[in-house]
Amino acid sequence: KHSAVTCVQCHADKSFKGTPSDCAACHARTEPHAGKLGTQCASCHTTNGWTPSTFDHNRSAFTLTGKHSAVACGQCHADKAFKGTPTNCSACHSKNDPHGGALGAQCATCHTTSGWKPSNFNHANSIFKLTGKHVTIACGNCHTNLKFKGTPTLCYSCHAKNDRHGGKYGTNCSACHSTTAWKPATFNHNLSAFPLTGAHTSIACTKCHINNVFAGTPKDCYSCHAKNDHHGGKYGTNCAACHSTASWKSVTFNHVFPLNHGDGGTVACATCHPNNTNSYTCYGCHEHTASNISAKHIKEGIPNFQNCVQCHPTGNKGNGGGDGGDD
């Protein structure tokens with residue numbers, strides 16, 4: 001169309017030298033964009049006519065892809081304003097957001113320009129990674145009413161209704177269970193206040209935790225083993241003083257008083273401790289008769305001889321103090 005324009009339209013006052021060659025010099029007064037698109041008219045228009053016009057949006061700061069390429073310019077550039085047009089998704093799509101802003105303003109986190117559906121979300125980028133069976137659970141199971149912000153991450157917040165223990169094991173399901181399945185379940189008793197050793201490791205939980213009661217379970221031996229006490233309580237309730245968790249047999253006890261002070265052998269506990277371990281008697285082996293201990297000590301002038309270990313701390317003759325030390 002430039003070929004049909006009269007000369008004076010460009011060469012006013014018959015001035016030819018220095019005539020500008022840029023589009024805006026001639027077309028600024030009739031430019032419908034009011035300078036908002038710059039002065040390079042040839043970026044969109046040709047000399048064949050103002051319309052149809054084209055614009056390569058891929059050369060701009062916001063590349064058009066997918067369904068964006070078919071959107072009319074005026075839908076994003078209202079009032080023919082181009083400079084400063086926002087490039088974030090929510091600027092255009094907040095009015096169509098079915099989540100009500102609960103998922104934030106970054107639509108591209110789940111959606112693409114190809115269409116709103118299908119959508120996807122990489123839960124691994126969130127603070128709650130999905131593993132095991134959590135991967136296949138519908139979003140609405142945890143995010144009711146499309147609420148996402150502030151969704152609890154504790155096991156019990158979702159699984160309290162399925163807790164067969166009735167809260168007796170606390171609320172940290174992951175202490176025994178995994179996301180793979182509820183069963184099989186495991187529990188590391190060594191992390192508790194009562195580590196399991198020896199034969200305790202193979203005992204069924206219900207042997208100690210009657211009726212699935214765990215809080216306040218006693219840790220002392222006698223609370224479980226009183227019914228198996230062959231000593232009838234004579235030796236106290238601290239089974240661990242002689243026994244270990246390996247077995248009841250192979251008993252060990254650090255006896256302060258030597259047990260081989262007589263004929264070199266050992267005697268039954270009840271011989272010296274007929275009632276309990278807090279008291280003792282030597283007369284289980286050494287008869288207290290006139291012809292034996294009593295007569296000998298009186299003969300030596302030792303009338304107070306009942307506390308044998310005072311003079312015989314090791315149980316042997318001649319190893320203690322007092323007048324009767326040789327007996």
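Position 1 is the first residue of the sequence; numbering continues from there.
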(request) Could you grab the distance from atom SG of Cys158 to atom CD1 of Ile137, nearest 0.5 Å is fine? (result) 7.5 Å
(request) Could you give me the CA-CA distance, side-chain angles and deciding distance for Thr245 and His200, then say whether side-chain hydrogen bond (donor to acceptor under 3.5 Å, both in side chains) is met? (result) CA-CA 7 Å; Thr245 58; His200 283 169; 5.3 Å; no
(request) Measure the spacing between OG1 of Thr112 and NZ of Lys117 and express it to the nearest 0.5 Å. (result) 13.5 Å
(message) If I take atom CG from residue Asp220 and atom CZ from residue Phe194, how far apart are they, to the nearest 0.5 angstrom?
(response) 9.0 Å
(message) Taking Val71 as the starting point, is it possible to reach Leu64 by hopping between hydrophobic residues whose side chains are less than 4.5 Å apart?
(response) no
(message) Distance check, rounded to the nearest 0.5 Å: Lys234 atom NZ versus Cys269 atom SG?
(response) 11.0 Å
(message) Within a 6.0 Å radius of atom NZ on Lys133, are there more than 12 heavy atoms belonging to other residues, nucleotides or ligands?
(response) no
(message) Can you confirm whether the side chains of His11 and Thr19 place a donor and an acceptor under 3.5 Å from each other?
(response) yes
(message) Please give me the minimum heavy-atom distance between Thr131 and Thr179, naming the atom from each residue.
(response) OG1-OG1, 2.8 Å
(request) Determine the minimum heavy-atom distance between Tyr222 and Gly236, stating which atoms define it. (result) CE1-O, 4.0 Å
(request) Say whether, by atom type as modelled, one donor and one acceptor occur between the side chain of His273 and the main chain of Ser279 under 3.5 angstrom. (result) yes
(request) Check the side chains of Asn88 and Ser90 for a donor-acceptor pair under 3.5 angstrom, ignoring hydrogens and angles. (result) yes
(request) Anything under 30° is parallel, anything over 60° is perpendicular, the rest tilted; go ahead and classify His68 against Phe62. (result) tilted
(message) Assess, by modelled atom type and distance only, whether the side chains of His77 and Thr85 contain a donor and an acceptor separated by less than 3.5 Å.
(response) yes
(message) Can a donor-acceptor pair be found, under 3.5 Å and without considering hydrogens, that links the side chain of Ser94 to the backbone of Ala91?
(response) no
(request) Kindly say whether the aromatic ring centers of His27 and Trp50 come within a distance under 6.0 Å. (result) yes
(request) Would you give the length of the straight line joining atom SG of Cys176 to atom CZ of Phe187, rounded to the nearest 0.5 angstrom? (result) 5.5 Å
(request) Would you name the heavy atoms of Cys239 and His225 that are closest together and state the gap between them? (result) SG-CB, 4.5 Å
(request) Would you check if the side chain of Glu31 reaches a backbone N or O of His33 as a donor-acceptor pair within less than 3.5 Å? (result) yes
(request) Write down the atom of Cys23, the atom of Cys41, and the distance for their closest heavy-atom approach. (result) CB-SG, 3.4 Å
(message) Checking one residue: Phe128. Which other hydrophobic residues are in its cluster under the side-chain 4.5 Å linking rule?
(response) Leu130, Val135
(message) Checking Thr217 against His209: is there a side-chain donor and acceptor pair closer than 3.5 Å?
(response) yes
(request) Identify the heavy atoms of Gly49 and His45 that sit nearest to each other, and give their distance. (result) O-CB, 4.5 Å
(request) For side-chain contact (heavy atoms from CB on, under 4.5 Å), just list the numbers for His93 and Trp116, CA-CA rounded to whole Å, side-chain angles, deciding distance to a tenth of an Å, and then say yes or no. (result) CA-CA 11 Å; His93 300 295; Trp116 288 114; 3.4 Å; yes
(request) Answer yes or no: is there a side-chain heavy-atom contact under 4.5 Å between Lys67 and Thr113? (result) no
(message) Classify the ring geometry of Phe55 against His57: parallel below 30°, tilted from 30° to 60°, perpendicular beyond 60°.
(response) perpendicular
(message) Please enumerate all residues that pass side-chain hydrogen bond (donor to acceptor under 3.5 Å, both in side chains) together with Thr171, with sequence neighbours excluded.
(response) none
